[in-house]
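Quick note: numbers below take in every heavy atom, side chains included, and nothing from hydrogens, waters or symmetry partners.
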Amino acid sequence: MEEWKEYKLEEVVNILDYKRIPLSSKERSTRKGNYPYYGAQGIIDYIDDYIFDGTYLLIAEDGENLKSQKQNVAQLASGKYWVNNHAHIVESNGKSDIRYICYLLNMMDLSGYITGSAQPKLNQANLTSISLQLPSLESQKRVADFLSIFDDKIEVNRRINDNFNYSLLIEFVVIWLLYIRINDNLEQQAQALFKSWFVDFEPFKDGEFVESELGMIPKGWKVISLEDIIKISKKTVNPGKYPDIQFAHYSIPAYDNGMNPEVQLGKEILSNKFTIMDKMTLFSKLNPRIKRVWFIDNVLNESICSTEFVPYIAKNTLFSSYVYSLINSDGFYEFVMSLVNGATGSHQRFHPNETLSYMIPFNDEIVLKYSHIVNPILTHILNNREESSRLAELRDSLLPRLMSGELKVNDVE
């Protein structure tokens with residue numbers, strides 16, 4: 001039987017908090033770029049510089065999540081990036097596998113190390129004193145390698161959604177319009193096609209164009225407002241009235257955590273929520289400069305979403321894929337940002353009904369063709385997310401047994 005030893009976290013890692021540098025939202029707004037800017041729970045912005053280069057473990061320092069742990073408190077960051085002062089930065093000192101430490105911390109109850117009630121905090125002194133039971137470094141690496149198989153597959157699914165060349169798109173477009181610029185990103189494929197057809201009118205440039213309030217548009221098209229084809233659902237439910245019913249909760253944290261709804265009992269949900277319907281597109285009105293657009297299909301029973309989302313739904317369900325692409329388009333995002341009011345950061349909001357005044361060029365026949373092309377792309381993306389969710393559940397069920405030594409990697413390989 002392998003001997004496990006008890007360590008304090010400071011004995012097996014180096015803490016690099018002295019290197020982190022916070023930037024105000026105003027500073028970040030003037031320094032937009034390509035480098036991720038990490039906070040306590042993940043990437044919160046992209047800026048023009050970096051202070052870390054490599055793979056490090058980030059551990060949340062503050063926030064209610066340290067008590068509830070609805071989201072992971074530890075995450076690995078790789079590449080070049082910036083970290084603010086809400087996350088501790090940790091690297092192995094050669095006595096631990098940093099991936100293993102990440103898995104271990106995310107399954108531990110850290111509430112005993114948190115100080116403060118109004119603003120719970122895991123300060124550096126308490127962080128260093130966290131007690132860990134660890135096997136040998138070799139065993140840590142083997143367990144981390146095994147668990148990483150699940151995470152790697154989940155990441156592959158994410159990258160397929162981002163980087164898969166979907167041949168059906170090419171085939172359909174060749175058959176119908178014999179024109180498209182191919183993009184290697186599934187989401188971008190749909191958006192590139194949307195821009196090509198409905199913004200630049202590239203497939204129709206050989207035809208006749210006419211004047212409109214939006215400029216020149218192909219003959220036979222018309223200019224309409226969003227309100228003509230989209231409605232905002234107002235249907236709500238109070239989950240607290242159904243304390244023992246399980247709800248699939250589409251929330252902002254769930255979006256940020258892989259776009260997988262959280263299953264919660266009604267008694268755990270404290271306020272009214274919107275009722276989710278098939279083929280609905282959610283757009284976050286909370287801090288909208290961070291673009292969150294979520295297409296929902298094949299919903300489970302008792303599905304709800306946060307009232308921080310605007311729930312858009314096509315009046316004609318055949319237009320649902322088009323509506324998603326429209327809500328996800330750069331033009332709509334820029335229009336929404338022109339409506340934003342309030343302070344900086346997470347206090348920014350906009351009035352959902354105002355977005356229905358957004359004007360667009362429209363042609364029913366072309367929209368139906370576009371939707372037919374994009375439908376299989378969205379299905380592929382949603383299937384990848386579901387598979388990733390199942391893999392994450394399997395990984396999490398194995399995690400405590402592997403970390404306790406009850407189960408050996410050899411037993412499951």
Side-chain angles (χ1 to χ4, degrees), residues 41-42 63-73 106-107 109-111 117-118 120 230-288 290 292-315 317 320 323-324 327 346-347 349-353 355-356 378-379 381-397 399-400:
Q41 248 67 62
E64 284 297 326
N65 183 57
L66 283 165
K67 287 185 175 180
S68 66
Q69 290 193 240
K70 289 183 178 179
Q71 292 179 266
N72 288 338
V73 299
N106 281 329
M107 63 167 286
D109 178 5
L110 300 178
S111 58
S117 53
I230 294 175
K231 61 184 178 180
I232 297 174
S233 177
K234 306 293 185 182
K235 187 177 181 181
T236 62
V237 64
N238 183 351
K241 292 184 177 180
Y242 310 94
D244 298 321
I245 298 294
Q246 285 191 331
F247 289 85
H249 187 186
Y250 292 77
S251 64
I252 300 292
Y255 179 96
D256 293 341
N257 192 29
M259 300 176 75
N260 291 306
E262 182 181 4
V263 177
Q264 294 178 282
L265 291 174
K267 62 186 177 184
E268 298 173 338
I269 304 170
L270 303 179
S271 59
N272 282 5
K273 304 297 177 187
F274 289 122
T275 300
I276 289 287
M277 292 178 276
D278 275 349
K279 303 188 184 305
M280 183 174 273
T281 297
L282 307 181
F283 188 100
S284 171
K285 65 181 179 182
L286 172 68
N287 191 10
I290 300 178
R292 297 180 177 95
V293 185
W294 199 345
F295 182 73
I296 313 296
D297 200 7
N298 298 321
V299 300
L300 304 172
N301 292 332
E302 314 301 343
S303 292
I304 56 175
C305 77
S306 164
T307 52
E308 292 294 357
F309 281 115
V310 182
Y312 294 103
I313 191 162
K315 292 182 178 180
T317 57
S320 296
V323 165
Y324 165 72
I327 298 301
S346 62
H347 297 291
R349 298 290 192 281
F350 61 89
H351 296 294
N353 285 339
T355 65
L356 295 178
L378 293 185
T379 298
I381 290 171
L382 295 175
N383 287 343
N384 283 342
R385 286 184 193 147
E386 289 177 7
E387 182 184 24
S388 294
S389 180
R390 290 193 297 270
L391 287 169
E393 288 177 6
L394 178 57
R395 177 201 62 200
D396 293 344
S397 69
L399 186 59

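- A distance of 5.0 Å separates CG in N272 from OG1 in T236, rounded to the nearest 0.5 Å.
- Ring orientation note: the planes of Y312 and F283 are nearly perpendicular, at an angle over 60° on the 30°/60° scale.
- In this structure, the separation between CG on D256 and CD1 on I290 is 7.5 Å, given to the nearest 0.5 Å.
- Considering only heavy atoms from C-beta on, Q246 stays 4.5 Å or farther from Q264 through its side chain.
- Using a 4.5 Å heavy-atom threshold, the side chains of N106 and V73 count as touching.
- Here the closest heavy-atom approach between residue K273 and residue S271 is recorded as NZ-OG, 3.3 Å.
- At a threshold of 4.5 Å between non-hydrogen side-chain atoms, the residues T317 and D278 do not count as touching.
- Heavy atoms only, all atoms of each residue included: V299 and S303 are closest at CB-OG, 4.0 Å.
- Note: L286 CG to F309 CZ = 9.0 Å, rounded to the nearest 0.5 Å.
- To the nearest 0.5 Å, atoms OH (Y242) and CD (E302) are separated by 8.5 Å.
- Interatomic distance, NE2 of H249 versus CD of E268, reported as 11.0 Å (0.5 Å rounding).
- Annotation: K241, atom NZ; neighbour count of heavy atoms from other residues, nucleotides and ligands within 6.0 Å does not exceed 12.
- Contact annotation: the side chain of P261 approaches that of W294 to within less than 4.5 Å [non-hydrogen atoms, C-beta and beyond].
- Residue T307 comes nearest to K285 through the heavy atom pair O-CE, 2.9 Å, listed as atom of the first residue, atom of the second, then distance.
- Interatomic distance, I232 CD1 to T355 OG1, rounded to the nearest 0.5 Å: 4.5 Å.
- Counting heavy-atom neighbours within 6.0 Å of K231 NZ, excluding the residue itself, gives a total of 12 or less.
- No side-chain heavy atom of T281 sits under 4.5 Å from any side-chain heavy atom of I230.
- Contact annotation: the side chain of S233 approaches that of M280 to within less than 4.5 Å [non-hydrogen atoms, C-beta and beyond].
- Nearest heavy-atom pair across F295 and D297 is CE2-CB, 4.0 Å.
- For the pair Y250 and F274, the minimum side-chain heavy-atom distance is 4.5 Å or more.
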Pair I313-K279, side chain to side chain contact (heavy atoms under 4.5 Å, CB included): steps then yes or no: CA-CA 7 Å; I313 191 162; K279 303 188 184 305; 5.7 Å; no
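- At least one side-chain heavy atom of P239 sits under 4.5 Å from a side-chain heavy atom of I304.
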